[in-house]
Amino acid sequence: IAGITQAPTSQILAAGRRMTLRCTQDMRHNAMYWYRQDLGLGLRLIHYSNTAGTTGKGEVPDGYSVSRANTDDFPLTLASAVPSQTSVYFCASSPGTGGVNTEAFFGQGTRLTVV
Amino acid sequence: LAKTTQPISMDSYEGQEVNITCSHNNIATNDYITWYQQFPSQGPRFIIQGYKTKVTNEVASLFIPADRKSSTLSLPRVSLSDTAVYYCLVAGATSGTYKYIFGTGTRLKVLA
């Protein structure tokens, strides 16, 4: 059972470049999320999607965009990367809508370095 | 937004009970409290979730007082493999807008 698959595992990116982090789940969960994790700051929500076709802004959405064309995929795009976007990015999913009272399943993360 | 605060780190010995408290003074009526465990280079993993009073599962207990402004994760008889970072999450929805606020994490080190 794959669960949540993120790609790439790690990436070094030149500032100003465009980058899409991929996330796929095979659990048919309605809700999906993107978090960034920085030392001393814990996990902060970037964007979420409660169901295919809908998205919402989290705590730190600036500089990022998402789309949810189908249930399984939830890509995160950095239109023009900046060094402050250097972080570990985690994708997650949960059953139900909203997922506030359900278990979330996380991927293994993408380590992104913007230079 | 609810702000969640946790101790930065804790040490314990094998076989002891460990209690980690999270403060969430601005928790809203519809918010739930969830705890996650994270090992290095891995994504967080669900431990337990609750709304009020006490919840227990096979690995932990969660205590939530009546005012819900804090919650305590209790790990009975920890082992070396419980060394990890523990996060509390406050999540809820108001008028169709969802929020998910993680604490900054508590690094638990279990000593032999």
Side-chain angles (χ1 to χ4, degrees), chain A residues 2-7 9-10 21 23 25 27 29-51 54-61 66 68 87-111, chain B residues 1-9 20 22-24 27-52 55 57 59-60 62 64 68 84-107:
Chain A
I4 297 268
T5 302
Q6 291 185 234
T9 303
S10 66
L21 308 186
C23 176
Q25 54 111 350
M27 297 173 282
H29 287 168
N30 283 328
M32 297 188 74
Y33 320 84
W34 274 105
Y35 289 91
R36 60 177 290 173
Q37 185 171 40
D38 303 290
L39 193 62
L41 296 176
L43 292 114
R44 293 180 292 168
L45 183 68
I46 304 171
H47 286 288
Y48 66 91
S49 169
N50 287 330
T51 189
T54 68
T55 62
K57 293 182 179 181
E59 195 178 351
V60 288
V66 291
R68 188 86 184 279
S87 186
V88 180
Y89 291 85
F90 287 99
C91 180
S93 72
S94 62
T97 300
V100 298
N101 60 344
T102 58
E103 173 183 354
F105 297 81
F106 284 79
Q108 294 290 357
T110 293
R111 184 175 297 274
Chain B
L1 290 178
K3 178 178 171 61
T4 57
T5 305
Q6 305 176 231
I8 294 174
S9 64
I20 306 174
C22 179
S23 296
H24 27 78
I27 192 168
T29 302
N30 297 333
D31 291 349
Y32 282 77
I33 300 155
T34 310
W35 284 80
Y36 288 85
Q37 176 191 55
Q38 187 179 29
F39 297 111
S41 301
Q42 294 186 22
R45 185 174 66 177
F46 174 88
I47 301 173
I48 197 167
Q49 182 181 77
Y51 181 80
K52 61 180 179 181
V55 179
N57 62 22
V59 298
L62 177 59
I64 305 170
R68 303 201 327 123
V85 180
Y86 293 82
Y87 292 94
C88 64
L89 166 68
V90 174
T94 303
S95 300
T97 299
Y98 290 79
K99 70 170 191 288
Y100 310 86
I101 306 295
F102 271 92
T104 51
T106 299
R107 187 173 299 275

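Since this is a predicted model, take the numbers as computed values, not measurements.
Annotation: maximal heavy-atom pairing with chain B below 4.5 Å, among A:A104, A:G58, A:G56, occurs at A:A104. Contact count against chain A (heavy-atom pairs under 4.5 Å) is highest for B:P44 among B:P44, B:G43, B:S41.
For A:R111, the CZ atom sits in a loose shell: 12 or fewer heavy atoms of surrounding residues, nucleotides or ligands are nearer than 6.0 Å.
Put simply, CG on A:L43 and OH on B:Y87 are 5.5 Å apart, with the number rounded to the nearest 0.5 Å. Remark: B:I47 CD1 to A:E103 CD distance equals 10.5 Å, nearest 0.5 Å. Here the CZ atom belonging to B:F102 is positioned 4.5 Å from the OH atom belonging to A:Y35, to the nearest 0.5 angstrom. Between atom OG of residue A:S94 and atom OH of residue B:Y100 there is a gap of 6.5 Å, rounded to the nearest 0.5 Å. The distance from the CZ atom of A:F106 to the CZ atom of B:F46 is 11.5 Å, given to the nearest 0.5 Å.
Looking at B:Q42, the atoms closer than 4.5 Å to chain A (heavy atoms on both sides) sit in the backbone and in the side chain alike.
Between A:T102 and B:Y36, the shortest heavy-atom contact is O-OH, 4.3 Å. Taking both residues in full, the closest heavy atoms of B:Q38 and A:Q37 are given as OE1-NE2, 2.8 Å, listed atom of the first, atom of the second, then distance.
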